[in-house]
Structure formats: structure tokens, C-alpha cells
J.: 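Sharing a structure below in C-alpha cells format, with a few things to ask.
Basis for what follows: all heavy atoms, side chains included, without hydrogens, waters or symmetry-related copies. Sequence lines set the chain letters: A, B, ... in the order given, protein chains first and strands last, and positions in each chain run from 1.
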Amino acid sequence: MSRLMDLAVEAREVNEPQRLCDMVPYAGLLGIACREVEAGSLLFELPFKDDNVGNTMLPALHGGVIGAFMEHAAVTQLLWNRETTSLPKLIDFSIDYLRPGKPELLFARCRVWRQGSRVANVAVESWQDSERTVATARMHFLLSQPSAVSPESG
Amino acid sequence: MGRRFFEVIPHSQVLGLEVIDAGDQWIEARLPYADHLVGDPDRAILHGGVITTLIDQTSGAAAALSMDPPEVVATLDLRVDHMRAADVRRDVIARASCYRLTRSIAFIRCVAYHDDPEDPLAMSMSSFMRASSSHPSMVEAGS
């Protein structure tokens with residue numbers, strides 16, 4: 001297994017999901033934080049900082065930053081679920097922007113709709129104060145499983 | 001104009017995005033490789049999210065450039081298909097073009113690649129709301 005996956009397993013064993021964010025350079029640059037809020041489910045936070053702005057007039061968070069935050073959330077949730085033996089590979093990414101991201105804390109949580117042996121379908125929602133949805137996204141990831149010969153589940 | 005569009009965006013400066021060339025309805029930009037933009041610490045390849053940011057910004061610039069005068073735009077939706085991972089320690093180029101402009105919406109295509117747009121890392125379709133639209137809810141602050 002790769003160093004990354006060793007670290008992911010270790011993070012799960014000591015119950016510190018933040019380690020999964022700390023080991024990814026771009027997640028650190030954006031300032032992504034995460035914690036487990038209920039069994040198995042992670043809550044992601046992106047504290048506001050000037051470097052993440054895309055529109056200085058409003059001001060508003062960069063749409064790409066919001067997308068990257070949500071993509072990172074999905075990958076981290078899959079690693080946390082320990083359903084893959086390597087970093088999930090992004091196949092496609094689709095995001096709807098509902099409101100501008102205000103210069104304040106942004107949250108995200110994931111729902112893994114379906115996880116087969118090779119592909120995972122993940123929906124991510126991001127919001128700011130009092131559940132105002134900023135963006136919704138969905139993604140497919142290619143996974144690798146320990147038992148590669150097992151038939152597709154479901 | 002395209003260059004100025006990139007220079008006034010803080011996160012664009014953080015990433016070091018630079019405009020290579022631009023026309024009336026298209027723009028090409030480069031994302032220079034940097035260690036702090038990596039997504040897989042085991043291999044020095046750029047985070048998928050950085051590619052999303054490159055595509056979002058280049059597409060938004062193509063939308064703005066297709067208008068006379070250029071307008072502020074807001075992304076409504078963006079879909080990116082990732083054909084393959086970026087190569088180790090390499091820059092990525094994105095070329096975006098506006099293929100349809102209506103009174104309210106700009107429709108944009110974008111391809112991300114290393115050397116050859118025919119060998120893409122990622123391809124994207126997106127739509128952007130114009131600031132001059134009568135329904136600029138995404139563009140105004142108080143939506």
C-alpha cells in the first residue's frame with residue numbers, strides 16, 4: 001500500500017480525520033478542516049481567507065475553490081469509509097452554484113449514494129450560515145478494492 | 001483584457017495562473033506546477049480541484065471576453081470529465097471558448113491538456129449568467 005493509504009488507515013485507527021486533510025498539500029493551502037459528527041459521517045469546514053476570493057467586488061469565494069473543497073470532501077469521505085485501497089480517481093465532477101460564497105465559513109458534507117466494487121457515486125452539499133446552500137455537486141470515482149476478482153456488488 | 005481578468009482574482013494569483021493567448025471568444029491559460037498544489041502526496045501530480053479552478057476561471061474569462069463590453073459573470077453549472085491524471089510535475093494548459101451567447105447566458109467549452117488539446121486531461125461544459133441579465137441573482141451580493 002502507498003504511504004498515503006497507510007496514513008489514511010492510521011488516521012482512522014486513531015479517529016483523527018483531520019490527518020486526511022493535513023496530508024494533501026492543496027487541501028492545506030485552502031485551509032480545509034474536517035471532523036466526524038456522527039458515526040462515519042464527516043463535516044468539512046473551509047474557514048474564510050483572502051487567498052480564496054474569486055471576486056473582490058462582492059466579495060465572493062472563487063467558484064473553483066468551492067469546487068475543489070467539495071471534491072476534496074468526497075475523496076476524504078471515501079478514504080474515511082475505507083472502501084478503497086488507493087486514492088479514489090475522479091472520473092467526472094458536476095457542480096451547480098446556487099449562491100455566491102460569502103466571505104465567511106463554508107461547510108460541506110457528503111452522501112455516498114452508491115459504492116460498488118469499482119465505482120462510487122458521491123453527492124456533496126456546501127452551505128453557509130443557517131443552511132443556506134451555496135453549491136451542490138456530484139461525482140463518480142474509480143476505486144480499487146483488495147479483492148479485485150470479486151464481482152460488482154449490488 | 002483577459003490578462004487583467006486574471007490579475008484581479010486573488011486565488012488566481014495564489015495558483016500563479018497566467019494567460020497565454022486570447023481572442024474574441026476564447027482564451028488560453030497556464031497553471032504552473034507547484035508542490036503546494038498537489039493532490040496525491042505519493043505522486044507529484046496536481047490536485048483535481050486545482051484543475052477545476054483552472055477550468056472555472058478560464059471558462060469564466062472566455063464568457064466575459066465574448067461580450068462587448070465584457071461583463072461580470074457568475075458560474076451556474078460546471079461539469080468536468082477527467083480523462084486521465086496530470087503527468088508528474090507538469091504545467092497544465094486550459095483553452096476555453098464561448099460557443100453560444102444569449103441575452104442571459106454564456107455557454108462555454110473548455111479542454112485541459114499538457115501538449116496537445118487532442119490528448120486532453122479533462123474536458124468541460126459550463127454555463128455562466130451575465131451581469132446584465134434581468135435575473136442576476138447569482139451576480140449580486142444579496143441573493
J.: Find out if a path of hydrophobic residues (ILVMFWY) with successive side-chain heavy-atom gaps under 4.5 Å connects A:L46 to A:M23.
T.: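 Result: yes, single cluster for both.
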J.: How far apart are the closest heavy atoms of B:T53 and A:V65, and which atoms are they?
T.: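 Reported closest heavy-atom pair: OG1-N, 3.8 Å.
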J.: Given heavy-atom pairs under 4.5 angstrom as the criterion, report whether the side chain, backbone, both or neither of A:I91 touches chain B.
T.: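 Backbone only.
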J.: Does a side-chain heavy-atom distance below 4.5 Å link A:F93 with B:T52?
T.: yes
J.: Considering only heavy atoms and a distance below 4.5 Å, find which of A:A68, A:A60, A:P25 pairs most often with chain B.
T.: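 Highest number of heavy-atom pairs under 4.5 Å: A:P25.
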J.: Quick one, A:L29 and B:V14 - any side-chain contact, counting heavy atoms below 4.5 Å?
T.: yes
J.: So for B:I55, is it side chain, backbone, both, or neither that comes closer than 4.5 Å to the heavy atoms of chain A?
T.: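 For B:I55, no heavy atom lies under 4.5 Å from chain A.
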J.: When rounded to the nearest 0.5 angstrom, what is the spacing between OG in B:S126 and CD1 in A:I95?
T.: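 Taking OG in B:S126 and CD1 in A:I95, the distance rounds to 12.0 Å.
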J.: Look at atom NZ of A:K89 and say whether more than 12 heavy atoms of other residues, nucleotides or ligands are closer to it than 6.0 Å.
T.: no
J.: Tell me if a side-chain donor or acceptor on A:S94 pairs with a main-chain N or O of B:R79 at a distance below 3.5 Å.
T.: no
J.: Is it the case that more than 12 heavy atoms not belonging to B:D24 sit under 6.0 Å from its CG atom?
T.: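 Not more than 12 within 6.0 Å, no.
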J.: Please tell me whether A:I66 and A:Y26 are part of a single hydrophobic cluster in this structure, the criterion being side-chain heavy atoms less than 4.5 Å apart.
T.: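 As far as the 4.5 Å side-chain criterion goes, A:Y26 and A:I66 are connected within one cluster.
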J.: Which of the residues A:V75, A:L61, A:N52 is involved in the greatest number of heavy-atom pairs with chain B at under 4.5 angstrom?
T.: A:N52
J.: Taking atom CG of B:D42 and atom CG of A:L7, what is their separation to the nearest 0.5 Å?
T.: 8.0 Å
J.: Please classify the contact of B:D56 with chain A as side chain, backbone, both or neither, using a heavy-atom distance under 4.5 Å.
T.: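 Only the side chain of B:D56 comes within 4.5 Å of chain A.
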J.: Considering non-hydrogen atoms only, spot the tightest contact between B:T75 and A:Y97 and give its length.
T.: O-CB, 3.2 Å
J.: Answer with yes or no whether the hydrophobic clustering places A:V53 together with A:M70; edges join I, L, V, M, F, W, Y residues whose side-chain heavy atoms lie under 4.5 Å apart.
T.: yes
J.: Taking the side chain from A:H62 and the backbone from B:H11, do they hold a donor-acceptor pair closer than 3.5 Å?
T.: no
J.: Does any backbone or side-chain atom of A:L30 lie under 4.5 Å from a heavy atom of chain B? Answer side chain, backbone, both or neither.
T.: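 For A:L30, the side chain is the part near chain B, not the backbone.
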J.: I need the B:I9 CD1 to A:N55 CG distance, nearest 0.5 Å.
T.: 7.5 Å
J.: Tell me whether A:W127 is reachable from A:I32 by hopping between hydrophobic residues (I, L, V, M, F, W, Y) whose side-chain heavy atoms are closer than 4.5 Å.
T.: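 In one cluster with A:I32: A:W127, no.
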J.: Can you tell me which portion of A:D51 sits under 4.5 Å from chain B's heavy atoms? Options are side chain, backbone, both or neither.
T.: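 Answer is both: backbone and side chain atoms of A:D51 are under 4.5 Å from chain B.
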J.: Do you know which of A:L90, A:L87, A:T56 has the most heavy-atom pairs under 4.5 Å to chain B?
T.: A:L90
J.: Hydrophobic clustering (ILVMFWY, side-chain heavy atoms < 4.5 Å, transitive) - are B:L17 and B:V19 grouped together?
T.: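 In one cluster: yes.
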J.: Donor-acceptor pairs are to be reported for all side-chain atoms of residues 44-51 of chain B against protein atoms at under 3.5 Å, with residues two or more places apart or in another chain.
T.:
unit_1, atom_1, unit_2, atom_2, d
B:H47, ND1, B:G49, N, 2.7

